[in-house]
Peer 1: 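The structure under discussion is supplied below as C-alpha cells; questions concerning it will follow.
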Number of protein chains: 2
Amino acid sequence: MYSYDHPHPAVTADIVVFTIRDNQLKLLLIRRAYSPHKGKWALPGGFVNMNESLDEAASRELLEETGVSGVYLEQLYTFGKPKRDPRERVITVAYYALIPSDKMQLQAATDADAVGWFGMDELPKLAFDHEDIVKMAHQRLVAKLDYSTVAFQFLPESFTLHELQNIYEIIFQEETDKRNFRKWILGLGQIEETGEKSTGGAHRPAKLFKKKFPGRVTIIK
Amino acid sequence: MYSYDHPHPAVTADIVVFTIRDNQLKLLLIRRAYSPHKGKWALPGGFVNMNESLDEAASRELLEETGVSGVYLEQLYTFGKPKRDPRERVITVAYYALIPSDKMQLQAATDADAVGWFGMDELPKLAFDHEDIVKMAHQRLVAKLDYSTVAFQFLPESFTLHELQNIYEIIFQEETDKRNFRKWILGLGQIEETGEKSTGGAHRPAKLFKKKFPGRVTIIK
DNA sequence: TTGTATTAGTGTATACAGTACACTAACATA
DNA sequence: TATGTTAGTGTACTGTATACACTAATACAA
C-alpha cells in the first residue's frame, strides 16, 4: 500500500510499434485480456516503475510484450485527459518504435494469439484513446521522413536501393522517380556500397548497401 | 490521504516561457521559495490536478504564476529520470509558451521579486534538470522557425516587416537580407497590410501588417 | 542456346527557389 | 533646407528538385 497526501495519477509508457511487411506499413497490437476494454486491441505498454526512466520503461515494455530490443525508440507525446481510463487517472507517455524487417520473426517469441500486426488502413477499433496516439505517431513518422534518416531504421544490415525506395513509397503512399530518388539518397552521404550483390531474383542482381552510421538518425537538409 | 496498491509518481506541468524584449530572446524564471533548491531559479509550473488535462494544467500554471493567458502553448517533452527531484519520483510534462511583446506588462501582475526575465545567454544556474528542459525548448523553437509560422506568436496585433525580421534574426542569431526576407515572408501568404502606417520615428513610416490567421500556427513549405 | 521476362542502373534538360547585392523614398529634427 | 534614419524595391546568378527513356544482367522456359 502506497500513500500520498495529494492524489497521484498512474503513469504508463505505451509504444506504437511500426514495421514494414508485405509492402505495407504495419502496426503491432495486443489483444487485451482483462477489463476494461477486454478483448479489444490496444498498444503494448504498461506502468512505469519507480526506479526506471521513461525511456527504460518503454524499452522494457517493448521487450516484454514483443521480444524486440535494440531498435529505434523515440518519445512521441504524453496523453493525459482525465477520463482516458475508467479505473483511475492514467497519464500515458507514448513512444514509437521502428522494427527492421529482419527482426520481425522475433514476434513469434510472444503468445501469437494475443499479438497481431495490422496494416495502417485495416486497423481494428482500439481501446482507450489509442487511436489518437496511433494517428499522432503516424504523422510524426511521415513528417520525419522529410528531414531525417529515420526511414533507415526499417532496413536490415544490408539492402538494395530499391528496398530503401520502397520504404519511402510505402510510408508516403506515393511513387517516386527512380533516378531522382537515387541521386538524392546517395547525395545524403549516409549509405555506402558493401561490395556485395543481391542474389536470387530472375533479373539483374542489385548492389547491396549498408548504413554508414547504423544506430544514428541524422537530421538532413 | 490517497492510497494505491502500487507506487505512483507525482506529475507536474512546467512551462518554458519565451518572449522577445530588448532585442533578446528571454525566458521567464521563478525563484524558488522552498526547499529543495530554495533560492534557485526554476521554471514556472506545478502539479497536475486530477480533474484537468495536461494542457489545462499548463495554462493554469502559466496564468497563476505569470498572469498570462491566451498565448501559444505547446507540449514539448516529458522528463522522468528517477532522481530528478530528491523528495519523490516526479514526472514533468514540459510545455513551452510564446508571449507577444505587447502582453509583457502583465508580468507585473506577479510578485516582482520572485519572477525574472533572463536572456538566453545570461541564464542563472537552474533547479532540478530544468536546464535540460530549457535547452530542448530552445532547440524546438529554433527548429520550428524553419517549417512553421510560430515566430508570429511573438508579434502584437499589428507590426512592421522590420519587427518581424528582427524576431527571426534574434532567434537565429544571424542577420538576414532585407529584400530576400520580405520576398519570402510575403510569399507565405500569412500576413496582409492593415492600411495603417507606423508613426513616431524620425524616418520614413513603415506599413503595418497583421496576421491573416492570428491564433493559428501553420506548417510551411 | 536462344528468347523472354524482370529488375538494376544511368544522364540531361528544365523549372523553381534561394541568395547576393545598392539605390531611392519619406519622415523628424536641427 | 540640410541631415540622419529607417522603409521600400528588382534583377542576375546559383544550386536544388523534377521530368523523362533506354541499356544491362540475371533466371527460366522453350
Side-chain angles (χ1 to χ4, degrees), chain A residues 20 22-23 101 142-143 145-149 151 155-156 158-170 172-210 218-221, chain B residues 20 22-23 101 142-143 145-149 151 155-156 158-170 172-210 218-221:
Chain A
I20 288 181
D22 306 331
N23 277 341
S101 44
V142 171
L145 289 205
D146 275 332
Y147 66 89
S148 82
T149 57
L155 292 169
S158 80
F159 51 88
T160 66
L161 291 181
H162 180 75
E163 286 169 319
L164 181 50
Q165 181 171 359
N166 244 322
I167 290 174
Y168 279 88
E169 290 182 340
I170 288 166
F172 279 137
Q173 296 272 58
E174 63 184 43
E175 308 215 327
T176 316
D177 178 79
K178 202 208 297 195
R179 284 171 288 189
N180 292 339
F181 177 80
R182 284 164 185 241
K183 207 187 312 172
W184 173 72
I185 207 83
L186 292 171
L188 295 181
Q190 299 286 324
I191 60 176
E192 57 192 359
E193 302 186 12
T194 63
E196 311 283 305
K197 299 209 160 197
S198 74
T199 168
H203 52 79
R204 176 173 177 176
K207 290 181 187 170
L208 288 175
F209 288 78
K210 61 181 173 185
T218 308
I219 304 298
I220 53 186
K221 189 171 31 167
Chain B
I20 286 180
D22 306 333
N23 277 339
S101 43
V142 171
L145 290 205
D146 275 332
Y147 65 89
S148 82
T149 58
L155 291 169
S158 81
F159 51 88
T160 67
L161 292 182
H162 180 75
E163 287 169 319
L164 181 50
Q165 183 170 359
N166 245 323
I167 290 173
Y168 279 88
E169 290 182 341
I170 288 166
F172 279 138
Q173 294 273 59
E174 65 184 41
E175 308 216 326
T176 317
D177 178 79
K178 203 208 298 195
R179 282 171 290 190
N180 292 341
F181 177 80
R182 284 165 185 240
K183 207 188 309 173
W184 174 72
I185 206 83
L186 292 171
L188 294 181
Q190 298 286 324
I191 60 175
E192 58 191 357
E193 302 186 12
T194 64
E196 311 284 305
K197 299 209 161 197
S198 75
T199 168
H203 52 78
R204 176 171 176 177
K207 290 181 187 170
L208 288 175
F209 287 79
K210 61 182 174 184
T218 308
I219 304 299
I220 53 186
K221 188 171 32 166

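First the proteins, then the strands, lettered A, B, ... as listed; each starts at 1. These figures come from a predicted structure and were not determined experimentally.
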Peer 1: Which of parallel (below 30°), tilted (30 to 60°) and perpendicular (above 60°) describes Tyr168(A) and Trp184(A)?
Peer 2: perpendicular
Peer 1: Starting the side chain at C-beta, find the nucleotide from dA8(C), dG9(C), dC21(C) nearest to His162(A).
Peer 2: dA8(C)
Peer 1: Apply side chain to side chain contact (heavy atoms under 4.5 Å, CB included) to Ile191(B) and Leu161(B), showing your working.
Peer 2: CA-CA 10 Å; Ile191(B) 60 175; Leu161(B) 292 182; 3.7 Å; yes
Peer 1: Between the base of dT9(D) and the side chain of Lys183(B), is one N or O donor paired with an acceptor at under 3.5 angstrom?
Peer 2: no
Peer 1: Does the Thr149(B) side chain pair with the main chain of Thr218(B), one donor and one acceptor, at a distance under 3.5 Å?
Peer 2: yes
Peer 1: Taking CH2 from Trp184(A) and P from dT10(C), how many angstroms apart are they, rounded to a whole number?
Peer 2: 18 Å
Peer 1: What about Lys178(A), does its side chain sit under 3.5 Å from the base of dA8(C) through a donor-acceptor pair?
Peer 2: yes
Peer 1: Measure from the side-chain heavy atoms of Arg204(B) and tell me the nearest of dC21(C), dC20(D), dA26(C).
Peer 2: dA26(C)
Peer 1: Of the nucleotides dA25(D), dA8(C), dT29(C), which has the atom closest to the Ala202(B) side chain?
Peer 2: dT29(C)
Peer 1: Starting from the 5' end of DNA chain D, give me the residue, His203(B) or Pro205(A), whose nearest nucleotide shows up first.
Peer 2: His203(B)
Peer 1: Is the shortest side-chain N/O distance from Arg182(B) to OP1 or OP2 of dG8(D) below 4.0 Å?
Peer 2: yes
Peer 1: Pick the nucleotide of DNA chain D nearest each of Gly201(A) and Ala206(B); which residue has the one closer to the 5' end?
Peer 2: Ala206(B)
Peer 1: Write down the atom of Ser198(B), the atom of Leu208(B), and the distance for their closest heavy-atom approach.
Peer 2: N-CG, 3.7 Å
